[in-house]
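All remarks here apply to the structure that follows.
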Amino acid sequence: MSTVETVGGPIDAGQLGTTLVHEHLQARDEAVYSQWPHARTIAEEEPLHEVDPDGAYEIAARLAARLVELGVNTICDPSAMFLGRDVEFMRRVSDDTGLQVVACTGIYTYDHLPQFFLTRDPDQIADLFVHDIERGIQGTEVKAAFIKCAADEPGVTENVEKVHRAAARASNRTGAPIMAHSRPASETGPRQIEIFVEEGVDPARVQIAHTGDTDDLDYIERVLEAGVFIGMDRYGLELYLPFEQRQKTVVALLERGYADRMLLSADHCATLDWFPLGVAEQMLAAGLAKDWSMTLVPERVLPELREAGMTADQERTMMVENPKRWLAG
Ligand SMILES: [Zn+2]
């Protein structure tokens, strides 16, 4: 029987249940908060407001409790290095709410790497990832269950490629799956997959996140051809693709028989430090995000998809079976 590591310890893969594969209990730059612990972040709820680091817990716990009420059993939190991964924070939220939280290892960068990594090769970086997977994260016994990497507007740069190769090698050494943040507008997906395949990773253990940021079915099918999972995972982030187009794309892919390849989520961040309050308010007012919340998938995406003809079987496949197969093989 295969098990999956959560912040509360290993569980049987069958206990994962309904799973949102891409939600952040918080997202912030760890270096900033290490140097300026008083720096404030933004609560991504309406109305937007600033919170101090202690306040971030309350917001994350409130959302997690609401997810449990809505029948969500598990989230995967892809906060890696540079997104302020904090497994004690995740464990506290999980213990207090009963939401199962799956943590990751990896590096979230579009290009920049600290000197530490510039002088090390992919195998040496993989050693760090393997440590998190086999021994535990940040001095705890909490183990990472998947590996995160990213490619965005700059494309698959030399540094990004190095992180992808490190992720692939750590995956090969441990069996842990990979979540690769992608940018369809730059068509990063196929190149990311190519690297994983070159390194010998089974595409069935790879998730190309944010593929749902496009409604270009040709591009999406090109990604799917490799046999990977795709993240339809940014519901509410209108700046990348409006909600209705996201829904139409998922319906079209269901009709083409891809229920067993899609993972639904919102990539919500309970708190996020990327923008100061005034800028975040302007972005919201400009409609760049709408109803963006960790609860959006259970509250609105799934009911609307049911109305559009999604069967109970397809729903179970996307919300329960796919996360399980991606995580546990
Ligand atoms: Zn994310």
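- Using a cutoff of 4.0 Å between basic side-chain nitrogens and carboxylate oxygens, Asp123 and Arg169 are scored as salt-bridged.
- Hydrophobic clustering keeps Leu48 apart from Val51 (ILVMFWY residues linked when any side-chain heavy atoms are closer than 4.5 Å, directly or through intermediates).
- A 6.0 Å sphere centred on CD of Glu158 holds no more than 12 heavy atoms belonging to other residues, nucleotides or ligands.
- No side-chain donor-acceptor contact under 3.5 Å links Arg183 to the backbone of Gly155.
- The minimum heavy-atom distance between Ala289 and Leu237, with the atom names listed, is CB-CD2, 4.3 Å.
- Taking the charged nitrogens against the carboxylate oxygens, Arg135 and Glu141 have no contact shorter than 4.0 Å, which rules out a salt bridge.
- No continuous path of ILVMFWY side-chain contacts below 4.5 Å connects Leu241 to Phe243, so the two sit in separate hydrophobic clusters.
- Judged as a side-chain contact (heavy atoms from CB on, under 4.5 Å), and not counting sequence neighbours, the contacts of Ala144 are Thr105, Asp132, Ile133, Ile137.
- Taking the six-membered ring where the residue is Trp, the centroids of Tyr108 and His181 are separated by under 6.0 Å.
- Formation of a donor-acceptor pair under 3.5 Å by the Thr174 side chain with backbone atoms of Val130 is not found in this model.
- Using a cutoff of 4.0 Å between basic side-chain nitrogens and carboxylate oxygens, Arg66 and Glu299 are scored as salt-bridged.
- Looking at Thr317, its side chain does come within 3.5 Å of a backbone N or O of Asp313 through a donor-acceptor pair.
- One finds a salt bridge joining Arg165 and Glu161 here, because a Lys/Arg side-chain nitrogen approaches an Asp/Glu carboxylate oxygen to under 4.0 Å.
- Ring centers of His24 and His268: at least 6.0 Å apart, outside the cut-off.
- In this structure, the separation between OG1 on Thr140 and CE on Met90 is 10.0 Å, given to the nearest 0.5 Å.
- Rounded to the nearest 0.5 Å, atoms CD (Gln207) and OG (Ser265) are 8.5 Å apart.
- Looking at every heavy atom in both residues, Ala176 comes nearest to Ala145 through CB-O, 4.0 Å.
- A salt bridge links Glu304 with Arg300: the closest approach of a Lys/Arg side-chain nitrogen to an acidic carboxylate oxygen falls below 4.0 angstrom.
- The backbone N or O of Ala266 sits less than 3.5 Å from a side-chain atom of Glu23, completing a donor-acceptor pair.
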**Request:** Start with the C-alpha gap between Tyr240 and His210, add the side-chain angles, then the distance that decides, and say whether ring pair (Phe, Tyr, Trp, His ring centres under 6.0 Å) holds.
**Result:** CA-CA 9 Å; Tyr240 302 118; His210 314 327; 7.6 Å; no
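- Using modelled atom types, no side-chain atom of Glu238 and backbone atom of Leu288 make a donor-acceptor pair closer than 3.5 Å.
- Under the 3.5 Å distance criterion, the side-chain polar atoms of Lys324 are left unmatched by any main-chain donor or acceptor of Thr19.
- Using a 4.0 Å cut-off between a side-chain N of Lys or Arg and a carboxylate O of Asp or Glu, Arg40 and Asp273 do not qualify as a salt bridge.
- Between Arg261 and Val228, the closest heavy-atom pair is CD-O, 3.1 Å.
- Leu113 and Val160 fall into different hydrophobic clusters, where Ile, Leu, Val, Met, Phe, Trp and Tyr residues are linked whenever their side-chain heavy atoms come under 4.5 Å apart, directly or through other members.
- Note that CD1 of Ile230 and CD1 of Ile208 are 10.0 Å apart. Values are rounded to the nearest 0.5 Å.
- Using a 4.5 Å cut-off between side-chain heavy atoms of Ile, Leu, Val, Met, Phe, Trp and Tyr, with links allowed through other members, Met81 and Tyr110 fall into different hydrophobic clusters.
- Atom CE of Met283 is separated from atom CH2 of Trp292 by 9.0 Å, given to the nearest 0.5 angstrom.
- Looking only at distances, no side-chain donor or acceptor of Arg234 sits under 3.5 Å from a matching main-chain atom of Thr211.
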**Request:** Show the numbers, then the answer: is there a salt bridge (Lys or Arg N to Asp or Glu O under 4.0 Å) between Glu30 and Arg85?
**Result:** CA-CA 8 Å; Glu30 57 263 35; Arg85 182 182 63 162; over 6 Å; no
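- Every residue two or more places apart in sequence or in another chain was checked for a ring pair (Phe, Tyr, Trp, His ring centres under 6.0 Å) with Tyr33, and none qualifies.
- Relative to the ring axis of Phe116, Arg120 places its NZ or CZ within 45° and under 6.0 Å from the centre.
- Checked options Val93, Thr271, Leu25; the residue passing with Tyr57 is Val93 (criterion: side chain to side chain contact (heavy atoms under 4.5 Å, CB included)).
- As a member of the Ile/Leu/Val/Met/Phe/Trp/Tyr network built from side-chain separations under 4.5 Å, Val4 groups with Ile11, Leu16, Val21, Val102, Phe146, Met179, Phe229, Leu263, Trp326, Leu327.
- A continuous path of ILVMFWY side-chain contacts below 4.5 Å connects Val279 to Trp274, so both sit in one hydrophobic cluster.
- With salt bridges taken as basic N to acidic carboxylate O contacts below 4.0 Å, none links Glu134 and Arg173.
- For Phe117 against Ile125, the heavy-atom pair with the smallest separation is CD2-CG1, 3.6 Å.
- Note that the CG atom of Asp77 and the SG atom of Cys269 stand 8.5 Å from one another [nearest 0.5 Å].
- For Glu221, the CD atom is densely surrounded, since the number of other residues' heavy atoms within 6.0 Å is greater than 12.
- Met294 contributes atom CE, which lies 9.5 Å from atom CG of Asp267 (distance to the nearest 0.5 angstrom).
- Judged by distance alone, with hydrogens and angles left aside, the side-chain atoms of Glu58 form no donor-acceptor pair with the main-chain N or O of Gly55 at under 3.5 Å.
- The pair Arg191-Glu194 meets the salt-bridge criterion, with a side-chain N (NZ, NE, NH1 or NH2) lying under 4.0 Å from an Asp/Glu carboxylate O.
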